[in-house]
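Take a look at the structure set out below.
Counting convention: from 1, in listed order, for ligands and their atoms alike.
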Amino acid sequence: MSKLPNVTTSIFTVMSKMAAEYNAINLSQGFPNFPVDERLTDIVARLSKENVHQYTPMAGYPPLMSKIAKLTQSSYGRTINPELELLITAGATQGIFTSILALVKENDEVIILDPSYDSYESPVLLCNANPVRVALNDDYTPNWGTIEKACSQKSRMIIINNPHNPTGKILTEADFLQLEKILSKYPDLLVLSDEVYEYITFEEKHISAHTKNFLLDRCITVSSFGKSFHITGWKIGYTIAPEHLMKEIKKVHQFLVFSVNSISQAAISEYLDVVDVNLLGKFYQGKRDYFLKLLQNSRFELKPCEGTYFQVASYAAISDEDDVTFCKNLIINHGVAAIPISTFYSDHKDQKLIRFCFAKDNLTLEAAAKKLREI
Ligand code: PMP
Ligand code: GLN
(Lines give C-alpha, C1' and ligand atoms only; values in the text may rest on other atoms or scores of the structure.)
(Ligands and ions follow the chains in the order given, each with its own letter.)
Protein backbone atom coordinates (compact mmCIF):
# COMPACT_ATOMS: atom_id res chain seq x y z
CA MET A 1 0.00 0.00 0.00
CA SER A 2 1.40 3.38 -0.99
CA LYS A 3 1.84 6.01 1.70
CA LEU A 4 1.35 8.69 -0.96
CA PRO A 5 -1.16 7.13 -3.38
CA ASN A 6 -1.90 10.34 -5.25
CA VAL A 7 1.67 11.48 -5.75
CA THR A 8 3.09 11.12 -9.24
CA THR A 9 6.30 12.44 -10.83
CA SER A 10 6.51 16.19 -10.28
CA ILE A 11 5.34 18.43 -13.11
CA PHE A 12 8.80 20.06 -13.17
CA THR A 13 10.46 16.72 -13.91
CA VAL A 14 7.78 15.74 -16.43
CA MET A 15 8.06 18.99 -18.38
CA SER A 16 11.87 19.15 -18.32
CA LYS A 17 12.05 15.56 -19.55
CA MET A 18 9.59 16.25 -22.32
CA ALA A 19 11.45 19.43 -23.28
CA ALA A 20 14.65 17.38 -23.65
CA GLU A 21 12.88 14.67 -25.66
CA TYR A 22 11.50 17.18 -28.16
CA ASN A 23 14.54 19.45 -28.08
CA ALA A 24 12.34 22.33 -26.93
CA ILE A 25 13.54 25.51 -25.21
CA ASN A 26 13.01 24.77 -21.55
CA LEU A 27 11.24 27.61 -19.74
CA SER A 28 9.45 25.11 -17.47
CA GLN A 29 11.43 23.95 -14.42
CA GLY A 30 12.92 26.88 -12.50
CA PHE A 31 16.68 26.95 -12.97
CA PRO A 32 19.07 29.42 -14.60
CA ASN A 33 20.97 28.46 -17.76
CA PHE A 34 23.72 31.09 -17.58
CA PRO A 35 27.19 30.50 -16.11
CA VAL A 36 27.76 30.66 -12.37
CA ASP A 37 29.80 33.60 -11.00
CA GLU A 38 33.46 32.83 -11.71
CA ARG A 39 34.40 34.02 -8.26
CA LEU A 40 32.41 31.07 -6.90
CA THR A 41 33.77 28.48 -9.33
CA ASP A 42 37.33 29.71 -8.61
CA ILE A 43 36.75 29.21 -4.89
CA VAL A 44 35.46 25.68 -5.52
CA ALA A 45 38.46 24.83 -7.71
CA ARG A 46 40.89 25.99 -5.06
CA LEU A 47 38.99 24.37 -2.17
CA SER A 48 38.88 21.04 -3.97
CA LYS A 49 42.58 20.67 -3.13
CA GLU A 50 42.17 21.74 0.49
CA ASN A 51 41.06 19.91 3.59
CA VAL A 52 37.29 20.40 3.29
CA HIS A 53 36.14 16.93 2.37
CA GLN A 54 35.01 15.37 5.64
CA TYR A 55 31.82 15.66 7.66
CA THR A 56 31.06 19.10 8.97
CA PRO A 57 29.33 19.41 12.34
CA MET A 58 25.73 18.17 12.07
CA ALA A 59 24.02 21.58 11.86
CA GLY A 60 26.57 23.06 9.48
CA TYR A 61 30.09 24.33 8.81
CA PRO A 62 30.71 26.89 11.58
CA PRO A 63 32.24 29.64 9.38
CA LEU A 64 29.25 29.42 7.02
CA MET A 65 26.86 29.55 9.95
CA SER A 66 28.35 32.76 11.27
CA LYS A 67 28.28 34.31 7.77
CA ILE A 68 24.58 33.45 7.47
CA ALA A 69 23.97 35.05 10.86
CA LYS A 70 25.70 38.19 9.53
CA LEU A 71 23.65 38.10 6.33
CA THR A 72 20.43 37.77 8.31
CA GLN A 73 21.52 40.75 10.37
CA SER A 74 22.42 42.91 7.39
CA SER A 75 19.41 41.95 5.28
CA TYR A 76 16.73 41.97 7.96
CA GLY A 77 18.20 43.42 11.14
CA ARG A 78 17.61 40.12 12.93
CA THR A 79 20.19 38.77 15.34
CA ILE A 80 20.27 35.00 15.48
CA ASN A 81 22.37 32.62 17.48
CA PRO A 82 23.75 30.38 14.73
CA GLU A 83 24.49 27.54 17.12
CA LEU A 84 20.92 27.34 18.36
CA GLU A 85 18.71 28.76 15.64
CA LEU A 86 20.25 27.82 12.30
CA LEU A 87 20.51 24.66 10.24
CA ILE A 88 22.23 24.19 6.88
CA THR A 89 20.03 21.99 4.70
CA ALA A 90 20.27 20.07 1.45
CA GLY A 91 18.23 22.73 -0.30
CA ALA A 92 15.09 24.45 0.88
CA THR A 93 13.23 21.25 0.04
CA GLN A 94 14.92 19.46 2.92
CA GLY A 95 14.35 22.40 5.24
CA ILE A 96 10.63 22.24 4.49
CA PHE A 97 10.38 18.46 4.78
CA THR A 98 12.43 18.25 7.97
CA SER A 99 10.56 21.06 9.69
CA ILE A 100 7.16 19.58 8.91
CA LEU A 101 8.25 16.10 9.98
CA ALA A 102 9.65 17.43 13.24
CA LEU A 103 6.78 19.70 14.20
CA VAL A 104 3.50 18.34 12.79
CA LYS A 105 1.73 15.47 14.56
CA GLU A 106 -0.94 12.99 13.52
CA ASN A 107 -4.32 14.66 12.86
CA ASP A 108 -2.88 18.15 12.99
CA GLU A 109 -3.96 20.47 10.21
CA VAL A 110 -1.57 22.42 8.01
CA ILE A 111 -2.86 25.34 5.97
CA ILE A 112 -1.46 25.57 2.45
CA LEU A 113 -2.38 28.47 0.17
CA ASP A 114 -3.24 27.53 -3.43
CA PRO A 115 -1.72 27.82 -5.95
CA SER A 116 1.03 26.17 -3.96
CA TYR A 117 4.47 24.72 -4.59
CA ASP A 118 4.48 20.94 -4.65
CA SER A 119 6.80 20.28 -1.69
CA TYR A 120 4.37 21.19 1.05
CA GLU A 121 1.60 18.60 0.97
CA SER A 122 3.47 15.28 0.93
CA PRO A 123 5.42 15.75 4.17
CA VAL A 124 2.14 16.69 5.87
CA LEU A 125 0.53 13.47 4.61
CA LEU A 126 3.53 11.45 5.77
CA CYS A 127 2.90 12.81 9.28
CA ASN A 128 -0.67 11.45 9.05
CA ALA A 129 -1.74 15.04 9.36
CA ASN A 130 -4.24 16.87 7.16
CA PRO A 131 -3.36 19.50 4.57
CA VAL A 132 -6.03 22.20 4.35
CA ARG A 133 -5.71 23.86 0.96
CA VAL A 134 -7.10 27.41 0.91
CA ALA A 135 -7.31 29.33 -2.38
CA LEU A 136 -5.68 32.72 -2.77
CA ASN A 137 -7.83 35.48 -4.26
CA ASP A 138 -8.00 35.79 -8.06
CA ASP A 139 -5.25 38.42 -7.93
CA TYR A 140 -3.21 36.00 -5.77
CA THR A 141 -3.44 38.08 -2.61
CA PRO A 142 -4.23 35.97 0.46
CA ASN A 143 -7.89 35.90 1.44
CA TRP A 144 -7.37 36.34 5.17
CA GLY A 145 -11.10 35.89 5.87
CA THR A 146 -11.07 32.43 4.28
CA ILE A 147 -7.76 31.60 5.90
CA GLU A 148 -9.13 32.48 9.32
CA LYS A 149 -12.22 30.36 8.69
CA ALA A 150 -9.94 27.44 7.83
CA CYS A 151 -8.13 27.76 11.18
CA SER A 152 -9.19 25.70 14.18
CA GLN A 153 -7.71 24.27 17.35
CA LYS A 154 -6.32 21.50 15.14
CA SER A 155 -4.28 23.92 13.03
CA ARG A 156 -0.58 23.43 13.72
CA MET A 157 1.05 25.28 10.86
CA ILE A 158 0.37 27.73 8.07
CA ILE A 159 2.77 27.72 5.14
CA ILE A 160 3.44 30.99 3.36
CA ASN A 161 5.63 31.36 0.29
CA ASN A 162 6.87 34.89 -0.18
CA PRO A 163 7.84 35.83 -2.95
CA HIS A 164 5.39 33.35 -4.37
CA ASN A 165 5.97 30.53 -6.81
CA PRO A 166 4.29 30.38 -9.32
CA THR A 167 2.50 33.75 -9.24
CA GLY A 168 5.36 36.15 -8.47
CA LYS A 169 3.21 37.84 -5.81
CA ILE A 170 4.75 39.26 -2.62
CA LEU A 171 3.16 39.85 0.77
CA THR A 172 2.49 43.38 2.03
CA GLU A 173 2.60 44.99 5.48
CA ALA A 174 -1.21 44.70 5.55
CA ASP A 175 -0.92 40.94 4.96
CA PHE A 176 1.41 40.60 7.94
CA LEU A 177 -1.04 42.54 10.12
CA GLN A 178 -3.79 40.10 9.16
CA LEU A 179 -1.51 37.16 9.84
CA GLU A 180 -0.64 38.58 13.25
CA LYS A 181 -4.34 38.88 14.08
CA ILE A 182 -4.97 35.23 13.25
CA LEU A 183 -1.90 34.05 15.15
CA SER A 184 -3.00 35.96 18.23
CA LYS A 185 -6.13 33.78 18.31
CA TYR A 186 -4.24 30.50 17.86
CA PRO A 187 -1.23 30.40 20.17
CA ASP A 188 -0.08 26.95 18.98
CA LEU A 189 -0.14 27.82 15.30
CA LEU A 190 3.32 27.93 13.69
CA VAL A 191 4.32 29.63 10.45
CA LEU A 192 6.58 28.05 7.86
CA SER A 193 7.82 30.86 5.65
CA ASP A 194 9.31 29.67 2.38
CA GLU A 195 11.44 32.59 1.23
CA VAL A 196 13.65 30.95 -1.38
CA TYR A 197 13.17 33.95 -3.72
CA GLU A 198 13.83 36.47 -0.92
CA TYR A 199 16.41 38.42 -2.93
CA ILE A 200 14.41 38.39 -6.18
CA THR A 201 11.87 41.21 -5.91
CA PHE A 202 11.40 44.18 -8.17
CA GLU A 203 9.50 47.46 -7.66
CA GLU A 204 8.43 46.56 -4.11
CA LYS A 205 10.84 45.34 -1.48
CA HIS A 206 10.50 41.86 0.00
CA ILE A 207 9.16 41.83 3.55
CA SER A 208 10.69 38.88 5.34
CA ALA A 209 9.21 37.00 8.28
CA HIS A 210 12.60 37.71 9.90
CA THR A 211 11.58 41.36 10.31
CA LYS A 212 8.37 40.66 12.22
CA ASN A 213 8.73 40.44 15.98
CA PHE A 214 5.46 38.58 16.40
CA LEU A 215 6.87 35.76 14.26
CA LEU A 216 10.31 35.32 15.77
CA ASP A 217 9.21 32.79 18.38
CA ARG A 218 6.94 30.74 16.13
CA CYS A 219 8.22 30.88 12.57
CA ILE A 220 10.50 28.61 10.58
CA THR A 221 12.09 30.45 7.67
CA VAL A 222 13.50 28.58 4.71
CA SER A 223 16.14 29.96 2.30
CA SER A 224 17.95 28.53 -0.73
CA PHE A 225 21.45 29.27 -1.99
CA GLY A 226 20.37 27.47 -5.16
CA LYS A 227 18.05 30.37 -5.97
CA SER A 228 20.19 33.20 -4.64
CA PHE A 229 23.47 32.14 -6.30
CA HIS A 230 22.20 30.45 -9.51
CA ILE A 231 23.34 27.02 -8.27
CA THR A 232 20.11 25.01 -8.01
CA GLY A 233 22.01 21.76 -8.58
CA TRP A 234 24.13 22.22 -5.48
CA LYS A 235 21.05 21.63 -3.33
CA ILE A 236 22.03 23.77 -0.40
CA GLY A 237 20.05 26.18 1.72
CA TYR A 238 19.28 26.92 5.32
CA THR A 239 16.51 27.07 7.88
CA ILE A 240 16.19 29.49 10.76
CA ALA A 241 13.88 28.87 13.69
CA PRO A 242 13.74 29.76 17.38
CA GLU A 243 15.70 27.41 19.61
CA HIS A 244 12.70 25.47 20.93
CA LEU A 245 11.63 24.58 17.37
CA MET A 246 15.14 24.18 15.97
CA LYS A 247 15.92 21.62 18.68
CA GLU A 248 13.19 19.40 17.27
CA ILE A 249 14.09 20.09 13.64
CA LYS A 250 17.70 19.05 14.28
CA LYS A 251 16.54 15.75 15.78
CA VAL A 252 15.05 14.82 12.40
CA HIS A 253 17.87 16.36 10.38
CA GLN A 254 20.53 14.30 12.10
CA PHE A 255 18.92 11.07 10.92
CA LEU A 256 17.71 12.29 7.53
CA VAL A 257 20.93 13.93 6.33
CA PHE A 258 23.29 14.29 9.29
CA SER A 259 25.38 16.99 7.61
CA VAL A 260 25.22 18.72 4.24
CA ASN A 261 28.07 18.28 1.75
CA SER A 262 31.17 19.98 3.04
CA ILE A 263 32.73 21.55 -0.04
CA SER A 264 29.57 23.49 -0.93
CA GLN A 265 29.38 24.82 2.58
CA ALA A 266 33.04 25.88 2.58
CA ALA A 267 32.74 27.49 -0.86
CA ILE A 268 29.58 29.44 -0.06
CA SER A 269 31.11 30.55 3.21
CA GLU A 270 33.94 32.26 1.31
CA TYR A 271 31.68 33.50 -1.47
CA LEU A 272 29.47 35.31 1.05
CA ASP A 273 32.44 37.63 1.71
CA VAL A 274 32.42 38.93 -1.86
CA VAL A 275 28.91 38.53 -3.27
CA ASP A 276 26.22 41.21 -2.94
CA VAL A 277 22.79 39.59 -2.71
CA ASN A 278 21.20 43.00 -3.13
CA LEU A 279 22.12 43.03 -6.83
CA LEU A 280 19.96 40.01 -7.58
CA GLY A 281 16.64 41.86 -7.75
CA LYS A 282 17.90 44.33 -10.37
CA PHE A 283 19.46 41.52 -12.38
CA TYR A 284 16.21 39.56 -12.60
CA GLN A 285 14.13 42.70 -13.04
CA GLY A 286 16.12 43.25 -16.25
CA LYS A 287 15.29 39.70 -17.36
CA ARG A 288 11.61 40.10 -16.48
CA ASP A 289 11.36 43.37 -18.41
CA TYR A 290 13.23 41.99 -21.41
CA PHE A 291 10.97 38.92 -21.57
CA LEU A 292 7.91 41.15 -21.25
CA LYS A 293 9.15 43.33 -24.11
CA LEU A 294 9.91 40.34 -26.28
CA LEU A 295 6.37 39.03 -25.82
CA GLN A 296 4.65 42.39 -26.21
CA ASN A 297 3.19 41.59 -29.62
CA SER A 298 2.32 37.99 -28.85
CA ARG A 299 -1.15 36.68 -28.07
CA PHE A 300 -0.10 35.74 -24.54
CA GLU A 301 -1.33 38.04 -21.80
CA LEU A 302 1.38 38.45 -19.16
CA LYS A 303 0.29 38.84 -15.54
CA PRO A 304 1.95 41.17 -13.02
CA CYS A 305 5.20 39.78 -11.57
CA GLU A 306 6.54 41.35 -8.36
CA GLY A 307 9.24 38.81 -7.58
CA THR A 308 10.72 35.33 -8.30
CA TYR A 309 11.95 34.39 -11.77
CA PHE A 310 8.60 33.20 -13.01
CA GLN A 311 6.15 34.87 -15.35
CA VAL A 312 2.51 33.74 -15.45
CA ALA A 313 0.79 34.13 -18.81
CA SER A 314 -2.74 33.57 -20.06
CA TYR A 315 -3.21 31.78 -23.38
CA ALA A 316 -7.01 32.26 -23.33
CA ALA A 317 -6.80 34.25 -26.59
CA ILE A 318 -4.97 31.39 -28.27
CA SER A 319 -6.60 28.11 -27.30
CA ASP A 320 -9.44 26.41 -25.41
CA GLU A 321 -7.27 23.47 -24.45
CA ASP A 322 -6.75 22.77 -20.76
CA ASP A 323 -3.40 24.02 -19.53
CA VAL A 324 -1.71 20.60 -19.27
CA THR A 325 -2.66 19.74 -22.86
CA PHE A 326 -1.66 23.23 -23.96
CA CYS A 327 1.80 22.87 -22.38
CA LYS A 328 2.35 19.46 -23.96
CA ASN A 329 1.34 20.80 -27.38
CA LEU A 330 3.48 23.89 -26.83
CA ILE A 331 6.49 21.59 -26.56
CA ILE A 332 5.51 19.26 -29.41
CA ASN A 333 4.27 21.84 -31.92
CA HIS A 334 6.14 25.02 -30.99
CA GLY A 335 9.33 23.93 -29.22
CA VAL A 336 8.87 25.81 -25.92
CA ALA A 337 8.29 24.23 -22.49
CA ALA A 338 6.26 25.88 -19.69
CA ILE A 339 4.45 24.73 -16.54
CA PRO A 340 0.63 24.47 -16.34
CA ILE A 341 -0.66 26.45 -13.36
CA SER A 342 -3.50 23.99 -12.61
CA THR A 343 -0.92 21.61 -11.14
CA PHE A 344 -0.43 24.04 -8.22
CA TYR A 345 -4.08 23.63 -7.13
CA SER A 346 -5.58 20.71 -5.18
CA ASP A 347 -8.61 20.69 -7.52
CA HIS A 348 -6.42 21.19 -10.63
CA LYS A 349 -8.67 23.98 -11.81
CA ASP A 350 -7.83 25.10 -15.32
CA GLN A 351 -7.63 28.85 -15.85
CA LYS A 352 -5.73 28.84 -19.15
CA LEU A 353 -2.60 29.98 -17.34
CA ILE A 354 0.97 28.79 -17.70
CA ARG A 355 4.29 29.69 -16.05
CA PHE A 356 7.48 30.62 -17.86
CA CYS A 357 10.88 30.71 -16.14
CA PHE A 358 12.84 33.76 -17.31
CA ALA A 359 16.09 32.87 -15.51
CA LYS A 360 17.71 32.33 -18.90
CA ASP A 361 20.38 34.04 -20.98
CA ASN A 362 19.09 36.59 -23.47
CA LEU A 363 19.67 34.37 -26.49
CA THR A 364 17.40 31.72 -24.98
CA LEU A 365 14.73 34.26 -24.08
CA GLU A 366 14.89 35.71 -27.61
CA ALA A 367 14.67 32.31 -29.29
CA ALA A 368 11.74 31.27 -27.06
CA ALA A 369 9.92 34.56 -27.56
CA LYS A 370 10.28 34.28 -31.34
CA LYS A 371 8.50 30.93 -31.24
CA LEU A 372 5.86 32.22 -28.81
CA ARG A 373 5.12 35.27 -30.95
CA GLU A 374 4.36 33.00 -33.90
CA ILE A 375 1.54 31.23 -32.07
N1 PMP B 1 10.35 26.49 -2.43
C2 PMP B 1 9.99 27.04 -3.59
C3 PMP B 1 8.86 28.00 -3.62
C4 PMP B 1 10.65 26.72 -4.76
O5 PMP B 1 10.29 27.28 -5.91
C6 PMP B 1 11.71 25.81 -4.71
C7 PMP B 1 12.35 25.41 -5.99
N8 PMP B 1 13.56 25.55 -6.10
C9 PMP B 1 12.08 25.27 -3.45
C10 PMP B 1 11.36 25.62 -2.34
C11 PMP B 1 13.18 24.29 -3.31
O12 PMP B 1 14.42 24.88 -3.25
P13 PMP B 1 15.78 24.01 -3.24
O14 PMP B 1 16.13 23.74 -4.66
O15 PMP B 1 16.77 24.84 -2.52
O16 PMP B 1 15.46 22.74 -2.52
N1 GLN C 1 11.41 25.06 -7.79
C2 GLN C 1 11.49 24.64 -9.16
C3 GLN C 1 10.31 25.20 -9.94
O4 GLN C 1 9.37 25.70 -9.38
C5 GLN C 1 11.48 23.15 -9.31
C6 GLN C 1 12.44 22.36 -8.53
C7 GLN C 1 12.17 20.90 -8.71
O8 GLN C 1 12.08 20.42 -9.83
N9 GLN C 1 11.96 20.23 -7.64
O10 GLN C 1 10.35 25.10 -11.13
Side-chain angles (χ1 to χ4, degrees), residues 7-20 25-33 36 60 68 87-100 112-124 136 140 159-171 191-201 206 208-209 220-240 253 256-257 260-261 264-265 268 277 280 284 305-312 327 337-345 353-360:
V7 172
T8 52
T9 306
S10 103
I11 191 68
F12 311 111
T13 305
V14 170
M15 285 301 165
S16 273
K17 185 161 176 268
M18 203 170 160
I25 300 175
N26 190 359
L27 305 189
S28 64
Q29 195 177 26
F31 63 88
N33 77 336
V36 173
I68 292 171
L87 180 69
I88 310 296
T89 59
T93 309
Q94 191 236 316
I96 294 164
F97 188 92
T98 308
S99 302
I100 293 173
I112 297 173
L113 307 178
D114 277 2
S116 60
Y117 184 59
D118 69 349
S119 284
Y120 308 141
E121 184 166 271
S122 289
V124 174
L136 294 167
Y140 303 128
I159 302 178
I160 54 176
N161 173 209
N162 174 39
H164 187 256
N165 178 8
T167 69
K169 195 81 190 158
I170 60 177
L171 295 181
V191 176
L192 177 64
S193 184
D194 176 348
E195 301 191 18
V196 299
Y197 302 101
E198 62 197 306
Y199 296 111
I200 312 179
T201 57
H206 168 60
S208 171
I220 305 103
T221 309
V222 172
S223 294
S224 171
F225 288 122
K227 302 292 163 181
S228 297
F229 297 155
H230 318 302
I231 48 169
T232 59
W234 287 31
K235 293 301 302 184
I236 179 164
Y238 57 94
T239 292
I240 292 175
H253 177 85
L256 190 62
V257 183
V260 169
N261 83 79
S264 304
Q265 294 195 63
I268 291 172
V277 288
L280 204 61
Y284 277 120
C305 168
E306 300 170 335
T308 74
Y309 46 51
F310 300 119
Q311 174 66 60
V312 175
C327 281
I339 297 287
I341 295 290
S342 65
T343 56
F344 292 79
Y345 287 91
L353 295 172
I354 59 177
R355 187 199 80 179
F356 294 114
C357 170
F358 57 77
K360 305 295 168 189

Please list, in number order, the atoms of ligand 1 under 4.0 Å from a heavy atom of [X].
| X | value |
| --- | --- |
| Val196 | 1 (N), 2 (C), 3 (C), 4 (C), 10 (C) |
| Asn161 | 3 (C) |
| Tyr197 | 3 (C), 4 (C), 5 (O), 7 (C) |
| Ser224 | 13 (P), 15 (O) |

Can you pull out the closest protein heavy atom to [atom]? Residue, atom name and distance to 0.1 Å, please.
| atom | answer |
| --- | --- |
| atom 1 (N) of ligand 1 | Asp194 OD2, 2.6 Å |
| atom 9 (C) of ligand 1 | Tyr117 CE2, 3.6 Å |
| atom 12 (O) of ligand 1 | Ala92 CB, 3.5 Å |

Return yes or no for this condition: an N or O of [X] is under 3.5 Å from an N or O of ligand 1.
| X | answer |
| --- | --- |
| Tyr120 | no |
| Thr232 | no |
| Asn165 | yes |

Exercise for the section: Determine, stepwise, if the pair Thr89 / Val257 fulfils side chain to side chain contact (heavy atoms under 4.5 Å, CB included). Expected result: CA-CA 8 Å; Thr89 59; Val257 183; over 6 Å; no

Exercise for the section: Classify the side-chain pair Glu198/Ser223 by whether it contains a donor and acceptor separated by less than 3.5 Å. Expected result: yes

Would you mind listing each N/O atom of ligand 2 next to any protein N/O under 3.5 Å, plus the distance?
{"unit_1": "ligand 2", "atom_1": "1 (N)", "unit_2": "Tyr117", "atom_2": "OH", "d": "3.2"}
{"unit_1": "ligand 2", "atom_1": "4 (O)", "unit_2": "Asn165", "atom_2": "ND2", "d": "2.9"}
{"unit_1": "ligand 2", "atom_1": "4 (O)", "unit_2": "Arg355", "atom_2": "NH1", "d": "2.9"}
{"unit_1": "ligand 2", "atom_1": "8 (O)", "unit_2": "Gln29", "atom_2": "NE2", "d": "2.7"}
{"unit_1": "ligand 2", "atom_1": "10 (O)", "unit_2": "Gly30", "atom_2": "N", "d": "2.6"}
{"unit_1": "ligand 2", "atom_1": "10 (O)", "unit_2": "Arg355", "atom_2": "NH2", "d": "2.7"}

Sequence neighbours left out, cut at 3.5 Å: what donor-acceptor pairs do the side chains of residues 230-240 make with other protein atoms?
{"unit_1": "His230", "atom_1": "ND1", "unit_2": "Tyr284", "atom_2": "OH", "d": "3.0"}
{"unit_1": "Lys235", "atom_1": "NZ", "unit_2": "Thr93", "atom_2": "OG1", "d": "3.3"}

Practice task
Using a 4.0 Å heavy-atom cut-off, say whether Lys227 meets ligand 1 through its side chain, its backbone, both or neither.
Solution key: side chain

Practice task
Mind checking whether Thr93 contacts ligand 1 via backbone (N, CA, C, O), side chain (CB onward), both or neither, at a 4.0 Å heavy-atom cut-off?
Solution key: both

Practice task
Mark the output for Lys235 as yes if a heavy-atom distance to ligand 1 is under 4.0 Å, and as no if none is.
Solution key: yes

How long is the straight-line distance from [atom2] of [Y] back to [atom1] of [X], given to the nearest 0.5 Å?
| X | Y | atom1 | atom2 | answer |
| --- | --- | --- | --- | --- |
| Tyr120 | Asp194 | OH | CG | 3.5 Å |
| Leu27 | Gln311 | CG | CD | 11.0 Å |
| Leu136 | Phe344 | CG | CZ | 12.5 Å |

Practice task
Would you please indicate if the ring centroids of Phe12 and Phe31 are separated by under 6.0 Å?
Solution key: no

Practice task
Under the side-chain hydrogen bond (donor to acceptor under 3.5 Å, both in side chains) rule, collect the residues that match up with Gln29, sequence neighbours excluded.
Solution key: Ser16

Practice task
Would you please test Phe225 and Ile68 for side chain to side chain contact (heavy atoms under 4.5 Å, CB included) and show each step?
Solution key: CA-CA 11 Å; Phe225 288 122; Ile68 292 171; 3.8 Å; yes

Handout entry: Heavy-atom side-chain proximity of Phe97 to Ser122 below 4.5 angstrom
Key = no

Problem - Residue list, salt bridge (Lys or Arg N to Asp or Glu O under 4.0 Å) with Asp114, at least two apart or on another chain - result: Arg133

Exercise for the section: Check the pair Gln94, His253 against side chain to side chain contact (heavy atoms under 4.5 Å, CB included), reporting the backbone distance first and the verdict last. Expected result: CA-CA 9 Å; Gln94 191 236 316; His253 177 85; 2.8 Å; yes

